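Quick notes on the structure that follows.
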Amino acid sequence: MGWVNSRRDLGSLIFIDLRDREGITQIVFDPQIEKVSHEHAHILRNEWVVAVKGTVSRRLEGQENASLPTGDIEVKVTELKILNRTETPPFQVDGAVDASESLRLKYRYLELRRPEAFNTLRNRHLIASCIRKYLNGNGFIEVETPFLTKSTPEGARDYLVPSRVSKGLFYALPQSPQLFKQLLMIAGFDRYYQIVRCFRDEDLRADRQPEFTQVDLEMAFVDEDQVMGIFEDMMSVTFSEILGYQIALPIKRLEYREAMDRFGTDRPDTRFGMELKDITDIAAGSDFRMFKGVVEDGGVVKAITIKGGAPAFSRKGLDELGEMAAGCGAKGLAWIKLTDNGWQSSLNKFFGDGDKAAVNEKLDAEPGDLILIVAHNRKIVNESLGVFRVEVAKRMDLINTDGYDFVWITRFPLLEYNEEAKRLEAVHHPFTAPVEEDLPILEDYPEKVRARSYDLVLNGAEIGGGSVRIHDLAIQQKMFSILGILPEEAQLKFGFLLEALKYGAPPHGGMALGFDRLVAIMTGVSSIREVIAFPKTTSATCPLTNAPSSVDNAQLKELGLQLVGREQHTLFDK
RNA sequence: GGGGACGUAGUUCAGUUCUGGUUAGAACGCCGGCCUGUCACGCCGGAGGUCGCGAGUUCGAGUCUCGUCGUCCCCGCCA
């Protein structure tokens, strides 16, 4: 039984490629074997659903098809039953012509009929099974937490659900099960996990969906090393079992500060070098006024060296990079092409021979190399060089795409100042514990305090993160006050957590893994939409169901809601 | 919220600028016919178009202008 993938009607002999989820098998209608079914088989078309009876037999000598796993055999049909016919599909399921993504989403069930799409989702299932097996075997208990829960002010925008029973009040769909898993630790569950849906109402990207799946876990009586240890082990087992790939353990670790200095980003792609080097001292001694000015203002001058990059970048290519620098806030991009005769650069006349040699040495630069330099405050310099580093590596094809390169980024800043909101915000979330030795400066220099947090980065993509949590009521209250949340407000929004912290909260910490991103990387697809059975478009709509859609006035009335503004929506697209 | 690319048979695209002009093409798919070893079967014939939508310029718009809708990518945003 299966679907007609293709037919080859030779008149008196008819071949059908029959497809089911496991693959394709050729079946033969031969009037010498059975007349009636052969006659009926003439009308078969692609994607019809059929059942056949017959004998599996070895193909004739020389008629094997090496490109099919079942290419040595065929089914000689003695009975044909047509189970269903089809209209002409909106796109060809056998994949001869690729359809646009919105069409494939609208007819997602046809897309999923394709072997590649099915296999991606089957791999997702296998990865999830592997993770479950690992965690089950290590004493973790899967617990479901509420989807209809309480809106929290920090973090992303919430999806809201109106309450019918309590008119005018709203549930929020969880951005993550964060607080519930902490409560489970306080309850003494010790090791919890959940493969769970999370919801965030923010603008979409190729690697972002409004609802996405996390592997969420939490452990009691642990420090960050134990959480990271479990996670490394879990990833190692999963990559080994699913891909046959051995992750190099232990996964290397970088403190946030060092990652920013060396790679210009908190999710460095460490599959290639080209690290950022500081040449502030040398630049300060040059005659280039712009560099001097930056250094006097407390800024830095940093550079990356592109080995053999001088011929690869034309004036135009460098101008493009310059525009990207401007996009990052940098005032400009200086470059040096190293030739056998010295520097080819607009900086040439501003640097003495000694300084030139010092720069070359510091940057490990030889003739044929290209040096890119940015001068500004530390943040912008790191950010723009970090962007160049990745862009240049892509353009020069320096990234080994076969491997899986993991790195932990630890000890992020606990807090950062939000210019727009004019207050401090938690970098990770407000329940993250500060590094103990930084506690004394929490009040006076809050932005200098490091968090007991850690992100797992794979091939330059953040795939997960977590932290040791605050289990001390006084510190949690202090955190809220530093974040500008008044005690009454904290009580209103997080009262249940503060209350719980009074009743014997053990030290605990955990982590969450972006499961869709992990699966996308492991299956080698470019968008997480490919690894989600029924994903949404970049405007958070579903072409298949036409969600979101309008509802009856009666439904609204029942919820005590009234629409303002744009009320008219068409129910059906053309 | 901002920037960019795209939108033409069922599908994927060409045609669109410089230079608006008779009947808008191709491939795959679809329909009909022929064919006993095909496997992207082959051969012959055929149908299929509101050029996303709306306005404007023009004697004349797929082509130029403005608006609008949709899809994708990026920035902001995503504790």
Side-chain angles (χ1 to χ4, degrees), chain A residues 5-18 24-33 38 42-43 45-47 59-68 70-71 74 76 86-107 110 152-158 174-176 178-179 198-210 212 323-324 327-329 387 412 414-416 418-421 424-432 451 453 462 465-467 479 483 485 494 512 514 526-527 529 536-539 541 543 570 573-574:
Chain A
N5 192 63
S6 63
R7 75 197 156 94
R8 292 176 292 279
D9 186 343
L10 274 56
S12 299
L13 205 55
I14 301 167
F15 297 93
I16 297 287
D17 283 346
L18 196 65
I24 285 173
T25 306
Q26 174 164 281
I27 59 179
V28 194
F29 296 90
D30 185 338
Q32 291 178 351
I33 292 179
H38 172 266
H42 279 300
I43 63 165
R45 292 296 181 266
N46 286 357
E47 300 311 316
R59 290 198 192 182
L60 295 179
E61 189 95 9
Q63 296 297 337
E64 298 87 357
N65 183 348
S67 60
L68 281 182
T70 59
E74 60 191 0
K76 293 193 192 305
T86 177
E87 291 189 12
T88 301
F91 56 86
Q92 285 163 252
V93 175
D94 70 4
V97 175
D98 209 7
S100 74
E101 186 162 2
S102 55
L103 197 75
R104 288 185 286 129
L105 287 183
K106 180 167 181 181
Y107 298 94
L110 295 181
T152 51
E154 298 282 313
R157 202 175 288 116
D158 286 320
Q175 296 173 28
S176 85
Q178 181 59 35
L179 293 174
C198 303
F199 307 86
R200 293 177 192 175
D201 186 5
E202 296 291 349
D203 287 346
L204 275 53
R205 289 283 192 285
D207 61 354
R208 243 193 262 161
Q209 282 274 301
F212 60 97
E323 275 167 37
M324 289 175 63
C328 298
V387 170
F412 281 73
L414 184 68
L415 300 154
E416 72 185 344
N418 181 327
E419 298 286 346
E420 215 168 297
L424 287 168
E425 282 186 347
V427 168
H428 186 53
H429 58 50
F431 320 107
T432 302
S453 61
E462 181 204 329
S467 63
M479 269 298 286
L483 292 170
I485 301 172
F494 304 108
S526 56
S527 162
R529 289 189 294 274
K536 293 187 173 55
T537 68
T538 46
S539 51
T541 61
T570 47
D573 285 351
K574 58 193 174 324

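What you see below is based on every heavy atom in this structure, not just the backbone, and it leaves out hydrogens, waters and symmetry mates. Remember, it's a predicted structure, so these values are computed and weren't measured experimentally.
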Decide yes or no, distance alone: a donor-acceptor N/O pair under 3.5 angstrom between the base of [N] and the side-chain of [X].
X: A:Glu74; N: B:G37; answer: yes
X: A:Arg208; N: B:C78; answer: yes
X: A:Gln92; N: B:U12; answer: no
X: A:Arg7; N: B:C41; answer: no
X: A:Asp203; N: B:G76; answer: yes

Rounding to the closest angstrom, what is the interatomic distance between [N] and [M] at atom [atom1]?
N: B:A47; M: B:A9; atom1: C1'; answer: 11 Å
N: B:A61; M: B:A40; atom1: C1'; answer: 40 Å
N: B:C28; M: B:G76; atom1: P; answer: 45 Å
N: B:U17; M: B:C72; atom1: P; answer: 28 Å
N: B:C13; M: B:A55; atom1: P; answer: 28 Å
N: B:G52; M: B:G42; atom1: C1'; answer: 38 Å
N: B:C77; M: B:G2; atom1: P; answer: 16 Å
N: B:G15; M: B:G49; atom1: C1'; answer: 14 Å

Determine the contact category for [X]: base if any of its heavy atoms lies under 4.0 Å from a base atom, sugar-phosphate if only primed atoms, P, OP1 or OP2 are that close, otherwise nothing.
X: A:Pro90; result: sugar-phosphate
X: A:Ser6; result: sugar-phosphate
X: A:Val28; result: nothing
X: A:Leu204; result: nothing
X: A:Gln175; result: nothing
X: A:Asp201; result: nothing

- How do A:Thr88 and A:Pro31 order along RNA chain B: which one's closest nucleotide is nearer the 5' end? A:Thr88
- Message: Quick check: on RNA chain B, is the nucleotide nearest A:Arg529 upstream (toward 5') of the one nearest A:Arg200, or the reverse? Name the residue that is more 5'.
- Response: A:Arg529
Shortest side-chain distance from [X], nucleotide among [options]:
X: A:Asn46; options: B:G37, B:C78, B:G29; value: B:G29
X: A:Asn65; options: B:G32, B:C39, B:U38; value: B:C39
X: A:Gln63; options: B:G37, B:U11, B:G32; value: B:G37
X: A:Ala206; options: B:U36, B:C74, B:C78; value: B:C74
X: A:Thr537; options: B:G32, B:C30, B:U71; value: B:U71

To the nearest angstrom, how far is [X] atom [atom1] from [N] atom [atom2]?
X: A:Asp158; N: B:C78; atom1: CG; atom2: P; result: 13 Å
X: A:His38; N: B:C35; atom1: NE2; atom2: C1'; result: 11 Å
X: A:Gln209; N: B:U71; atom1: CD; atom2: P; result: 12 Å
X: A:His42; N: B:G33; atom1: NE2; atom2: C1'; result: 12 Å
X: A:Leu103; N: B:U71; atom1: CG; atom2: C1'; result: 11 Å
X: A:Glu202; N: B:C74; atom1: CD; atom2: P; result: 16 Å
X: A:Asp30; N: B:C35; atom1: CG; atom2: P; result: 16 Å
X: A:Leu10; N: B:C43; atom1: CG; atom2: P; result: 13 Å

With a 4.0 Å limit, can you tell me whether [X] has a side-chain N or O closer than that to the phosphate oxygens OP1/OP2 of [N]?
X: A:Ser100; N: B:U12; answer: yes
X: A:Thr541; N: B:U71; answer: yes
X: A:Thr538; N: B:C72; answer: yes
X: A:Arg157; N: B:G1; answer: no
X: A:Arg8; N: B:C41; answer: yes
X: A:Ser539; N: B:U71; answer: yes
X: A:Ser12; N: B:U36; answer: yes
X: A:Arg205; N: B:C75; answer: yes

- Task: Begin with the C-alpha distance, continue with both residues' side-chain angles, and end with the deciding distance and a verdict on ring pair (Phe, Tyr, Trp, His ring centres under 6.0 Å) for A:Phe431 and A:Phe494.
- Result: CA-CA 11 Å; A:Phe431 320 107; A:Phe494 304 108; 5.6 Å; yes
Answer yes or no: is there a donor N or O on one side and an acceptor on the other, between the side chain of [X] and the main chain of [Y], under 3.5 Å?
X: A:Gln175; Y: A:Ala156; answer: yes
X: A:Ser12; Y: A:Asp30; answer: no
X: A:Arg200; Y: A:Pro210; answer: no
X: A:Gln209; Y: A:Lys536; answer: yes

- Message: Assess whether a salt bridge exists between A:Glu64 and A:Arg59, defined as any Lys/Arg side-chain N lying under 4.0 Å from an Asp/Glu carboxylate O.
- Response: no
- Hey, is A:Glu47 close enough to A:Arg45 for a salt bridge, meaning N to O under 4.0 Å? no
- Item | Side-chain donor-acceptor pair present, A:Arg8, A:Gln26, cut-off under 3.5 Å | yes
Identity of whatever pairs with [N] - Watson-Crick or G-U, under 3.5 angstrom:
N: B:C43; answer: B:G33
N: B:G20; answer: none
N: B:C72; answer: B:G4
N: B:U65; answer: B:A55

- A:Phe91-B:U11 aromatic stacking (under 5.5 Å, under 30°): no
- Task: Specify whether A:His42 and A:His38 have parallel, tilted or perpendicular ring planes, treating 30° as the upper limit for parallel and 60° as the lower limit for perpendicular.
- Result: perpendicular
- Tightest non-hydrogen contact, residues A:Leu103 and A:Pro90, listed as CD2-O, 3.7 Å
